[in-house]
Amino acid sequence: MQEAFSVTLDWQNGYEFLVDFEQEGVPPLRTDEGPPLGAGSGPTPTRLLAAAVGNCMSASLRYCLGHAKINLLDLKTHVEGTIVRNEQGRLRVGSLTVHLEPMVAPEDRDRVAECIEGFEDFCTVGQSVRQGIDLEVEVTPGSRVVAAQSDAAGG
């Protein structure tokens, strides 16, 4: 099975982009780099990656608990990451640690262990990051005509 998806990013200014997830009813999300590059007006790509892994792990645990008929009362997920420099001195995500804290009824606590053993395997994003994702990049200089933006107020 292969399911295609896409997102579109529209550059605003500086390092700020509007991300269109191309999903009905899902509003665009503003992203930006933090200072000194950007203004920090939205999450950085690194934080989006951490959120994607954390969300996927949370959803996978939720799925497993539901499948086991364990009533999930609450779930808090916290993701911690590190940024490191590679051999060429370029910044990379060095690690992500996902902390999940599910709350279930006392009578279900012993059964949660069954889900903890295997839920990660259902996380598309987490497992893809662990295995490495095939990434191809194409740059096609565009010939679209874009209205020039003036730096002057009102211009």
Side-chain angles (χ1 to χ4, degrees), residues 1-67 72-103 115-155:
M1 178 195 131
Q2 184 172 343
E3 181 181 326
F5 67 92
S6 63
V7 298
T8 300
L9 289 86
D10 187 19
W11 176 67
Q12 301 298 290
N13 62 59
Y15 290 87
E16 185 180 313
F17 293 84
L18 275 184
V19 181
D20 179 353
F21 292 96
E22 300 179 17
Q23 288 180 280
E24 186 77 28
V26 176
L29 174 68
R30 182 175 310 280
T31 63
D32 196 2
E33 291 291 340
L37 292 177
S41 66
T44 66
T46 304
R47 289 178 185 272
L48 287 174
L49 177 64
V53 171
N55 185 272
C56 189
M57 287 291 179
S58 300
S60 294
L61 180 58
R62 167 67 184 102
Y63 172 81
C64 183
L65 293 170
H67 187 71
L72 181 63
L73 303 175
D74 192 26
L75 175 58
K76 279 281 191 236
T77 302
H78 181 76
V79 182
E80 297 172 352
T82 61
I83 302 290
V84 298
R85 291 197 182 271
N86 67 7
E87 300 80 33
Q88 293 78 32
R90 306 286 188 230
L91 296 176
R92 300 294 182 256
V93 176
S95 66
L96 292 174
T97 303
V98 181
H99 302 274
L100 297 113
E101 188 178 343
M103 288 188 58
C115 287
I116 292 173
E117 288 181 25
F119 81 95
E120 291 180 44
D121 197 40
F122 294 96
C123 177
T124 303
V125 176
Q127 294 306 324
S128 297
V129 168
R130 276 191 176 135
Q131 294 173 6
I133 302 168
D134 288 337
L135 175 65
E136 294 181 30
V137 178
E138 297 176 1
V139 178
T140 308
S143 59
R144 292 186 301 138
V145 176
V146 180
Q149 293 181 346
S150 171
D151 286 338

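Small disclaimer: the values here were computed from a predicted structure and weren't measured. Hydrogens, waters and symmetry mates are skipped; everything else that's a heavy atom, side chains included, is used.
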Assess the residue pair T46 and L91 against the criterion (side chain to side chain contact (heavy atoms under 4.5 Å, CB included)); give the C-alpha distance rounded to whole Å, side-chain angles, the decisive distance to 0.1 Å, and a yes or no.
CA-CA 11 Å; T46 304; L91 296 176; over 6 Å; no

side-chain hydrogen bond (donor to acceptor under 3.5 Å, both in side chains) filter on S60, not counting sequence neighbours, yields none

Subject >> Note, V129 side chain near L49 side chain (heavy atom, < 4.5 Å) >> reply: yes

Sequence neighbours excluded, the answer for side-chain contact (heavy atoms from CB on, under 4.5 Å) partners of A50 is V79, L96

When rounded to the nearest 0.5 Å, the distance separating CG of L65 from CG of L73 is 10.0 Å

side-chain hydrogen bond (donor to acceptor under 3.5 Å, both in side chains) filter on D121, not counting sequence neighbours, yields none

So salt bridge (Lys or Arg N to Asp or Glu O under 4.0 Å) across residues 78-103, not counting sequence neighbours, yields none

Residues 116-140 vs ring-ring contact (aromatic ring centres under 6.0 Å, His included), sequence neighbours excluded, gives Y63-F122

- Message: Counting only heavy atoms not in H99 (residues, nucleotides, ligands), do more than 12 fall under 6.0 Å from its NE2?
- Response: yes

Contacts of T82 meeting side-chain contact (heavy atoms from CB on, under 4.5 Å) (sequence neighbours excluded), chain-then-number -> V84, S95

So the side-chain hydrogen bond (donor to acceptor under 3.5 Å, both in side chains) pairs with at least one residue in residues 122-139 (sequence neighbours excluded) are E120-R130

In terms of heavy-atom contacts, T77 and S58 come closest through OG1-OG, 2.5 Å

Between the SG atom in C115 and the CG atom in L72, the distance rounded to the nearest 0.5 Å is 10.0 Å

Residue set satisfying side-chain contact (heavy atoms from CB on, under 4.5 Å) with L135, at least two apart, ordered chain then number -> V137

Would you give me the side-chain donor-acceptor pairs under 3.5 Å for residues 26-42, sequence neighbours excluded?
residue	atom	partner	partner atom	Å
R30	NH1	E16	OE2	2.2
D32	OD2	A39	N	3.0
D32	OD2	G40	N	3.2
D32	OD2	S41	N	3.2
D32	OD2	S41	OG	3.1
S41	OG	E16	OE1	3.2

So the side-chain hydrogen bond (donor to acceptor under 3.5 Å, both in side chains) pairs with at least one residue in residues 17-29 (sequence neighbours excluded) are S6-E22, T8-E22

Heavy-atom nearest pair, L61 first then P102, reads CD2-CG, 3.9 Å

